[in-house]
2 protein chains.
Amino acid sequence: MLSVDHFADQINEAISDIKYPDSPAGLYEPIHYTLEGGGKRLRPVLLLACCHFVGGKSEDAVNQALGIELFHNFTLLHDDVMDRADIRRGRPTVHRRWNDSTAILSGDAMLTMATSFVVAGAGSKIGQIIGLFNKTAMEIYEGQQFDMDFENRRDVSVGDYIEMIRLKTSVLIGCACKMGAVMGGATEETQQALYDYGINLGLAFQLRDDYLDTYGDPLTFGKEIGGDIVNNKKTWLLINAMNSDMSEKLKKVINQSPTRGDKIEGVKSIYAELGLPGKCRELISKYVADAIEVINEADLNESGKRFLTEIALSTIERDN
Amino acid sequence: MLSVDHFADQINEAISDIKYPDSPAGLYEPIHYTLEGGGKRLRPVLLLACCHFVGGKSEDAVNQALGIELFHNFTLLHDDVMDRADIRRGRPTVHRRWNDSTAILSGDAMLTMATSFVVAGAGSKIGQIIGLFNKTAMEIYEGQQFDMDFENRRDVSVGDYIEMIRLKTSVLIGCACKMGAVMGGATEETQQALYDYGINLGLAFQLRDDYLDTYGDPLTFGKEIGGDIVNNKKTWLLINAMNSDMSEKLKKVINQSPTRGDKIEGVKSIYAELGLPGKCRELISKYVADAIEVINEADLNESGKRFLTEIALSTIERDN
């Protein structure tokens, strides 16, 4: 049976094969740098796998997989400028290594390159592919805007938060699955099922990210634990605590902790008292279960169901 | 005969008719603000006119015209962040009125919206249209990168400069003309002729912009005269002076002028001694003549030839 590594190799090879013009280096070097930074390649792997498991050839969807990975990296690049993030995947972000202008312009070029890749070889499916891609892109910008808006809002509900991460994270995973299905010639029903799978997987994935930022193992997680707490980042955990009857105590801990460590420990003890770590894990499991249910009801062969179920299950326990 | 105003009205109406989602306002308000800022609408007017004059219906190319105008405004929006420009068309730029993050994200959304518009209703031409659009976009990013690179280079030749403005400005005008021709069902030969017309027109247009920044009438030009000189902007005029036998004197004037006014007058007197204002006007006229020659040899009816010739001629004398 084909593994995640098989599809990851396929996409990594295609990424190494991208030819960049020599000049202007200031435009193309940051793109090369960004794509070489690694990452899980989750989205292109899902795209290639979905194409394969609906009966297509994954080779025929490599351009689309590249396009989605380029798009994902473009959003990270621009988000890092907006969030003033210094480090990404253990290396300086583009705006730190070069400057803001370089990050903005290289990101723009990555978006256009992404668009070129998703339509390449799409043949008669080009209209559907570009429509899906552009719709998804707009939703992701909306998600990023909501995320930034949340920083200055005190009334964010858990529902608002789930809708924000659906837009900011899940729709691209859903889009990757659906685009693979479209390229593989799946029926509309199967396309939709794989989209829904991706949405549920994406929600689980992002909630696990939130969880690991507070409860992860610093050795395997790859970045410092507690960053979200220190930065008052409105995650599922914080929003639940803010909307609980411990909100006054939370405010005090946030505003009066003498050190970074005190703040992290203080907030974590409130989360613990509210039972939030367990509830968060339960919610992740629920979205994973929803993803698997969709797959089980979809018109896919057994190996496809097994592959996608395993990816979904791995989200529950992933530690980086 | 149809006038520029006719096509400008058509595009302005279409711009007013764009429906924006209510939320998130932080994403869509800056886009609305940018598109309502006016401007000449040169590119969409050319696109609609070229579609009409090759025998198509301009109504059938309104989406493509909107896409090109949105793309143009996206590049201005992001360029203004990179250049730290405060004012555009008499109003605060988006990053000044809101902030950098808003300008980056709204610009990204405008690029995706532009892509959606250029493919809308393109039918069987969709592959050619998106290919032309993406290729042009990449060239424009390259042009912007070269422009930024020039700031730190002392060895920019006049040829380098012309190539930079071809990429940064002309190719979008060429693209607009060609896209109109494609939508109107023109032959490949006519598509290419209109593209070449746009390239020559764009070069003339940008050189006239450079010229007006130094020699324009402040009342009609709409911004302060001499900004390029004050900012040591590497324009056609400055590059020629830097590469002349007056380069040492120029350096002194640039580095030692006690006031802004002294610097402008000092640099202008060097330009005058070198005969650069006249040479610049001659070069503009040459590109306009080239544009008109291409049109005269193209397979277009008399009213089309007259319309495009008049637009080209108006570039020679335009004062804003």
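For the numbers below, each heavy atom of this structure counts, side chains included, while hydrogens, waters and symmetry mates do not.
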So which residue, B:Glu142, B:Gln144, B:Met148, ends up with the most heavy-atom pairs under 4.5 Å with chain A?
B:Glu142
Side chain of A:His72, backbone of A:Leu172: donor and acceptor closer than 3.5 Å?
no
Portion of A:Ile130 that has a non-hydrogen atom of chain B nearer than 4.5 angstrom:
side chain
Below 4.5 Å, heavy-atom pairs only: which of A:Val119, A:Ile126, A:Leu105 has the largest tally toward chain B?
A:Leu105
Where does the angle between the aromatic ring planes of B:Tyr33 and B:Trp98 fall among parallel (under 30°), tilted (30 to 60°) and perpendicular (over 60°)?
perpendicular
Closest contact, heavy atoms only, B:Ala120 versus B:Gln64
O-NE2, 2.9 Å
Between chain A and each of B:Pro21, B:Ala109, B:Ser23, count heavy-atom pairs under 4.5 Å; write down the option with the most.
B:Ala109
Between B:Asp149, B:Thr75, B:Thr102, B:Leu111, which has the largest tally of heavy atom pairs under 4.5 Å with chain A?
B:Leu111
Angle class for the B:Phe74/B:His78 ring planes (parallel below 30°, perpendicular above 60°, tilted otherwise)?
perpendicular
As an exercise: rank A:Asp108, A:Asp100, A:Asp83 by heavy-atom pairs under 4.5 Å with chain B and give me the winner.
A:Asp108
N/O donor-acceptor pair under 3.5 Å between A:His95 side chain and A:Asp80 backbone:
yes
Below 4.5 Å, heavy-atom pairs only: which of A:Asn99, A:Leu27, A:Val81, A:Asp79 has the largest tally toward chain B?
A:Leu27
Ring pair (Phe, Tyr, Trp, His ring centres under 6.0 Å) between B:Phe71 and B:Phe133, worked out:
CA-CA 10 Å; B:Phe71 180 84; B:Phe133 181 70; 5.3 Å; yes
